[in-house]
*Asks:* 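There's a structure below that I have some questions on.
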Amino acid sequence: MSVTDITAIYSPAVSWFYDTVAADAVLDAVSDVVADICTAVADGGSVLEVGCGGGQFAHRLISLHPGISVTGIDLSAEQIARANKRSTALPLKDRQRLHFQTASALDIPFAENTFDAVVSIASIKHWPDREKGVHEMVRVLKDRGRLLITETDRSCHLDDARRFARSARLPTPLRLPYLWMFRTYVAGQGLDLDDARRVIAGQDLVDTAVQRVAGTPFLTIAGTRR
Ligand SMILES: C[S@@+](CC[C@H](N)C(=O)[O-])C[C@H]1O[C@@H](n2cnc3c(N)ncnc32)[C@H](O)[C@@H]1O
């Protein structure tokens, strides 16, 4: 990813920066909301995370739900290597329920009707065809399976962006430039509520909902496979 082309593959520098500075702050803001929809997944069930990055959310999910398995896919082989490396710190019984592989959201390498829940965090803004990616997520969901996507909210409130920038792992003097970068290039290329409604319109989903995550610069897109 370059700052000007949000759909370009993550460069080593960008993936290092995201993993080191931003990932924990993003997950602190939204991972409870995403993990909540996975609580309905019964023991023996499975969750797919699309655009899993360095695997931090998948790790949180595995420890929250000892009965399920989690698969993470990401376009960047470097991010997948980072996720696999991170997994070596887990106990064997957890590692056995976790699988990462390089793949695109636009061509998910699994059969229809495979997963009980399919989620994605802060990735959809990078997809060159967001509707196609959501269509792929819905395709691999089981009937009545849950979909949840979170992304930066282009129309977020300044106070929420400021609070988020303060939580990034950066020395204080760098937080103001980071806030500017976040508002301009990250949230600035994210989705607003209308974009979010557009990407789920016409998908094979019921009970759809688009909403802001209160107190954060993120929104969620949720639905249930028809
Ligand atoms: C901002 S990071 C979020 C990573 C992770 N979800 C997290 O919250 O820590 C966005 C991720 O989406 C991945 N990505 C971008 N385009 C993608 C695509 N077309 N298919 C799958 N992953 C993609 C990037 O490689 C990157 O790891």
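These values consider heavy atoms only, across backbone and side chains, with no hydrogens, waters or symmetry-generated copies. Numbering of ligands and ligand atoms starts at 1, following listing order.
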*Asks:* Specify the protein heavy atom at minimum distance from atom 1 (C) of ligand 1: its residue, its atom name, and the distance to 0.1 Å.
*Replies:* Tyr10 OH, 3.0 Å
*Asks:* Any idea which protein heavy atom is nearest atom 24 (C) of ligand 1, and the distance to it?
*Replies:* Asp74 OD1, 3.5 Å
*Asks:* Applying side-chain contact (heavy atoms from CB on, under 4.5 Å), run through Arg86 and Gln56 and close with a yes or a no.
*Replies:* CA-CA 8 Å; Arg86 193 164 264 128; Gln56 291 94 327; 3.2 Å; yes
*Asks:* So, does Asp74 use its side chain to make a donor-acceptor pair with the main chain of Gln79 at under 3.5 Å?
*Replies:* no
*Asks:* Distance under 4.0 Å to a non-hydrogen atom of Ile121: what atoms of ligand 1 satisfy this?
*Replies:*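 With Ile121 as reference, the close atoms of ligand 1 come out as 3 (C), 5 (C), 6 (N), 8 (O).
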*Asks:* Just one of His157, Arg163, Arg162 clears the side chain to side chain donor-acceptor pair (under 3.5 Å) bar with Asp159, so which one?
*Replies:*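 The side chain to side chain donor-acceptor pair (under 3.5 Å) with Asp159 is passed solely by Arg162 among His157, Arg163, Arg162.
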*Asks:* At a 4.0 Å threshold, what atoms of ligand 1 neighbour a non-hydrogen atom of Glu49?
*Replies:*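 It comes down to these atoms of ligand 1: 6 (N).
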*Asks:* I'd like to check which ligand 1 atoms, numbered from 1 as shown, lie under 4.0 Å from a non-hydrogen atom of Gly51.
*Replies:* 4 (C), 5 (C), 6 (N), 11 (C), 12 (O), 22 (N)
*Asks:* Please step through side-chain contact (heavy atoms from CB on, under 4.5 Å) for the pair Ile68 and Leu61, ending with a clear verdict.
*Replies:* CA-CA 9 Å; Ile68 66 170; Leu61 200 53; 4.2 Å; yes
*Asks:* Identify, for atom 22 (N) of ligand 1, the protein heavy atom at the shortest distance, and state residue, atom and that distance.
*Replies:* Leu75 N, 3.2 Å
*Asks:* Considering only NZ, NE, NH1 and NH2 on the basic side and carboxylate oxygens on the acidic side, decide whether Lys125 and Glu151 come within less than 4.0 Å.
*Replies:* yes
*Asks:* State plainly whether the residues Asp207 and Arg226 are in salt-bridge range, i.e. N to O under 4.0 Å.
*Replies:* no
*Asks:* Determine, using heavy atoms of Phe57 and all atoms of ligand 1, whether some pair is separated by less than 4.0 Å.
*Replies:* no
*Asks:* Nearest protein heavy-atom contact for atom 15 (C) of ligand 1: which residue, which atom, what distance?
*Replies:*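 Of the protein heavy atoms, His126 CB, 3.5 Å lies nearest.
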*Asks:* Checking the side chain of Arg154 only, and the main-chain atoms of Gly188 only, is there a donor and an acceptor separated by less than 3.5 Å?
*Replies:* no
*Asks:* Closest non-hydrogen protein atom to atom 18 (C) of ligand 1, residue and atom name please, with distance?
*Replies:*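 Answer for atom 18 (C) of ligand 1: Trp127 CD1, 3.6 Å.
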*Asks:* Give the single entry among Gly53, Cys52, Ser31, Ala122 that approaches atom 10 (C) of ligand 1 most closely by any heavy atom.
*Replies:*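 Among Gly53, Cys52, Ser31, Ala122, the closest heavy atom to atom 10 (C) of ligand 1 belongs to Ala122.
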*Asks:* Assess Ala103 for proximity to ligand 1: is some non-hydrogen atom of it under 4.0 Å away?
*Replies:*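 Checking ligand 1 against Ala103, which is what was asked, there is a heavy-atom contact under 4.0 Å.
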*Asks:* Would you mind checking which non-hydrogen protein atom is closest to atom 8 (O) of ligand 1, with the distance to 0.1 Å?
*Replies:* Tyr18 OH, 3.1 Å
*Asks:* Could you identify the single nearest non-hydrogen protein atom to atom 12 (O) of ligand 1 and state the distance to 0.1 Å?
*Replies:*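 It is Ser123 OG, 2.8 Å.
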*Asks:* What is the nearest protein non-hydrogen atom to atom 20 (N) of ligand 1, stated with its residue, atom name and distance?
*Replies:*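 For this ligand atom, the closest protein heavy atom is Ala105 N, 2.8 Å.
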*Asks:* Between OG of Ser31 and CD1 of Ile121, what distance do you get to the nearest 0.5 Å?
*Replies:* 6.5 Å
*Asks:* Enumerate the ring pair (Phe, Tyr, Trp, His ring centres under 6.0 Å) contacts for residues 13-59, please, sequence neighbours excluded, ordered by first and then second residue.
*Replies:* none
